[in-house]
Amino acid sequence: MPEYEKAMRPEDITRLFVERSNAGDAAGVAALYEEEAVLAFPPGELTVGREAIRALWEKVLAGRPRFQPEPPLPTLVSDGIALTSTPPRDGAGARAQVVRRQPDGSWLRLLDQPEFVRPAG
């Protein structure tokens with residue numbers, strides 16, 4: 001596995017996700033997650049574990065989608081855990097991630113909710 005740039009701040013993960021996704025690098029995207037991370041995607045389903053997340057992104061990235069950077073909302077950090085979020089450009093809800101500081105000081109995603117949809121009504 002190649003040596004990837006590490007997220008040294010929680011907010012770095014979003015930038016690295018966009019760069020690696022747009023490069024078609026599913027392994028690089030998966031490297032942003034802890035081994036037992038949980039991704040709430042596809043909508044209504046959970047993808048559990050780095051290997052399953054890599055396989056999912058391999059399928060998604062085969063269609064060559066293009067991702068645009070989204071400005072982060074303020075990050076909430078406490079005791080080595082952080083909540084990061086971004087508002088999607090289309091205004092269709094929000095994205096939120098729980099990330100954890102690793103022993104080397106870098107950060108990885110533990111929980112990823114890439115799509116929240118506003119409740120009806």
Roughly how far, to the nearest 0.5 Å, is the [atom2] atom of [Y] from the [atom1] atom of [X]?
X	Y	atom1	atom2	result
Leu16	Lys6	CG	NZ	12.5 Å
Arg101	Asp79	CZ	CG	8.5 Å
Glu35	Ile53	CD	CD1	9.5 Å
Glu36	Glu51	CD	CD	11.5 Å

What about [X] and [Y], same hydrophobic cluster or not, with Ile/Leu/Val/Met/Phe/Trp/Tyr joined at side-chain heavy-atom distances under 4.5 Å?
X	Y	result
Leu110	Leu108	no
Tyr4	Met8	no
Val77	Leu32	yes
Leu39	Val48	no
Val38	Val99	no

Main-chain N/O of [Y] paired to [X] side chain as donor or acceptor, under 3.5 Å:
X	Y	answer
Arg20	Gly28	yes
Arg109	Tyr33	no
Ser106	Gln102	no
Arg66	Asn22	yes

Looking at every heavy atom in both [X] and [Y], which two are closest together, and how far apart are they?
X	Y	result
Ser21	Leu61	O-CD2, 3.5 Å
Thr75	Pro10	CG2-CB, 4.1 Å
Glu58	Ala26	N-CB, 3.4 Å
Phe67	Pro65	CE1-CG, 3.7 Å
Pro87	Pro71	CD-O, 3.3 Å
Glu115	Pro43	OE1-CG, 3.5 Å

Just wondering, do [Y] and [X] contact through their side chains at under 4.5 Å, heavy atoms?
X	Y	result
Gln97	Gln113	no
Phe17	Asp112	no
Leu56	Pro42	yes
Thr14	Pro69	no
Thr84	Pro72	no

- Item | Mutual orientation of the aromatic rings belonging to Trp57 and Phe41 [parallel < 30°, tilted 30-60°, perpendicular > 60°] | parallel

